[in-house]
Amino acid sequence: MAAKIAYDEVEVGTELPAQSFPVTRATLVRYAGTSGDFNPIHWNEKFAVEVGLPDVIAHGMFTMAAAIRVVTDWAGDPAAVVEYGVRFTKPVVVPNDETGALIEVSAKVAAKLDDRRVRVDLTAVSAGQKVLGMSRAVVTLA
């Protein structure tokens, strides 16, 4: 696959389609099984509270992976992302109910670079709080 978005058709300020990602306790269990990260802060409410968290929290890498989907879906090819980094600023708290939490992600082209690449800045919010800081990806476009 190759990126489906043409470099020449993108301007600084171009907004990518925003997406929301629901996260339930079941989501966390599936992610733990896949990643091998069984830290009890991600599934054991009693333990999470004992270590000072408000409740069970989503894995940071899960949050990071959910956010980049906005970019990969837009570009049309996950391999188009050549750099990606974030700072974890707040945890995604996942209550033990049918609703869970919601990660809301928006993104926009922040800079056009050389070699048909763009820098995309992402904003990820859950429960009204920014959960990722300095979230940036460099993407090679068609």
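As a basis for the values below, the full set of heavy atoms in this structure was taken, side chains included, without hydrogen atoms, waters or symmetry mates. As the structure is a computational prediction, the values presented were derived from the model and not from experiment.
- Between the side chain of Trp43 and the main chain of Val56, no donor-acceptor pair closer than 3.5 Å is present.
- Here the side chain of Thr14 pairs no donor or acceptor atom with the backbone of Val10 at under 3.5 angstrom.
- In this structure, Ser126 contributes its side chain and Leu102 its backbone to a donor-acceptor pair below 3.5 Å.
- Of all heavy-atom pairs spanning Asn96 and Glu45, the tightest one is CB-OE1, 4.3 Å.
- Here the side chain of Thr89 pairs a donor or acceptor atom with the backbone of Lys130 at under 3.5 angstrom.
- Within a 6.0 Å sphere centred on NZ of Lys90, heavy atoms belonging to other residues, nucleotides or ligands number 12 at most.
- No side-chain heavy atom of Val125 sits less than 4.5 Å from a side-chain heavy atom of Ile103.
- Contact between Val131 and Pro91 at its shortest, heavy atoms only, is CG1-O, 4.0 Å.
- Thr123 OG1 to Leu132 CG: the interatomic distance, rounded to the nearest 0.5 Å, is 9.5 Å.
- Linking Ile, Leu, Val, Met, Phe, Trp and Tyr whenever their side-chain heavy atoms come within less than 4.5 Å leaves Val86 and Val138 in two separate clusters.
- Contact detail for Ser20 and Glu104: the closest heavy-atom pair is OG-CG, 3.6 Å.
- The hydrophobic cluster containing Val93, built from Ile/Leu/Val/Met/Phe/Trp/Tyr side-chain heavy atoms closer than 4.5 Å, also comprises Ile41, Phe47, Val51, Leu53, Ile57.
- Using a distance-only test at 3.5 Å, with no hydrogens or angles considered, a donor-acceptor pair links the side chain of Tyr7 to the main chain of Leu113.
- Looking at heavy atoms from C-beta onward, Val94 lies in side-chain contact with Leu28 at the 4.5 angstrom threshold.
- Considering only heavy atoms from C-beta on, Val12 comes within 4.5 Å of Lys112 through its side chain.
- Looking at every heavy atom in both residues, Val81 comes nearest to Ala137 through CG1-CB, 4.4 Å.
- Evaluation of the side-chain hydrogen bond (donor to acceptor under 3.5 Å, both in side chains) test over residues 55-84, restricted to residues two or more places apart or in two chains, returns Gln19-Asp73, Arg25-Asp55.
- Between Ala75 and Ala80, the shortest heavy-atom contact is CB-CB, 4.2 Å.
- A donor-acceptor distance shorter than 3.5 angstrom exists from the side chain of Arg116 to the backbone of Ala142, with no hydrogens or angles considered.
- Atom OG1 of residue Thr27 and atom CZ of residue Phe62 lie 5.5 Å apart, to the nearest 0.5 angstrom.
- Of the inter-residue distances, the one linking Asn44 atom CG with Asn39 atom CG reads 10.0 Å to the nearest 0.5 angstrom.
- The cluster map of Ile, Leu, Val, Met, Phe, Trp and Tyr, joined by side-chain heavy atoms under 4.5 Å apart, puts Phe38 and Tyr31 in different clusters.
- Asp115 places no side-chain N or O within 3.5 Å of a backbone atom of Arg117 that could act as its donor or acceptor partner.
- Qualifying salt bridge (charged side-chain N to carboxylate O under 4.0 Å, His left out) partners for Arg136, counting only residues two or more places apart in sequence or in other chains: Asp121.
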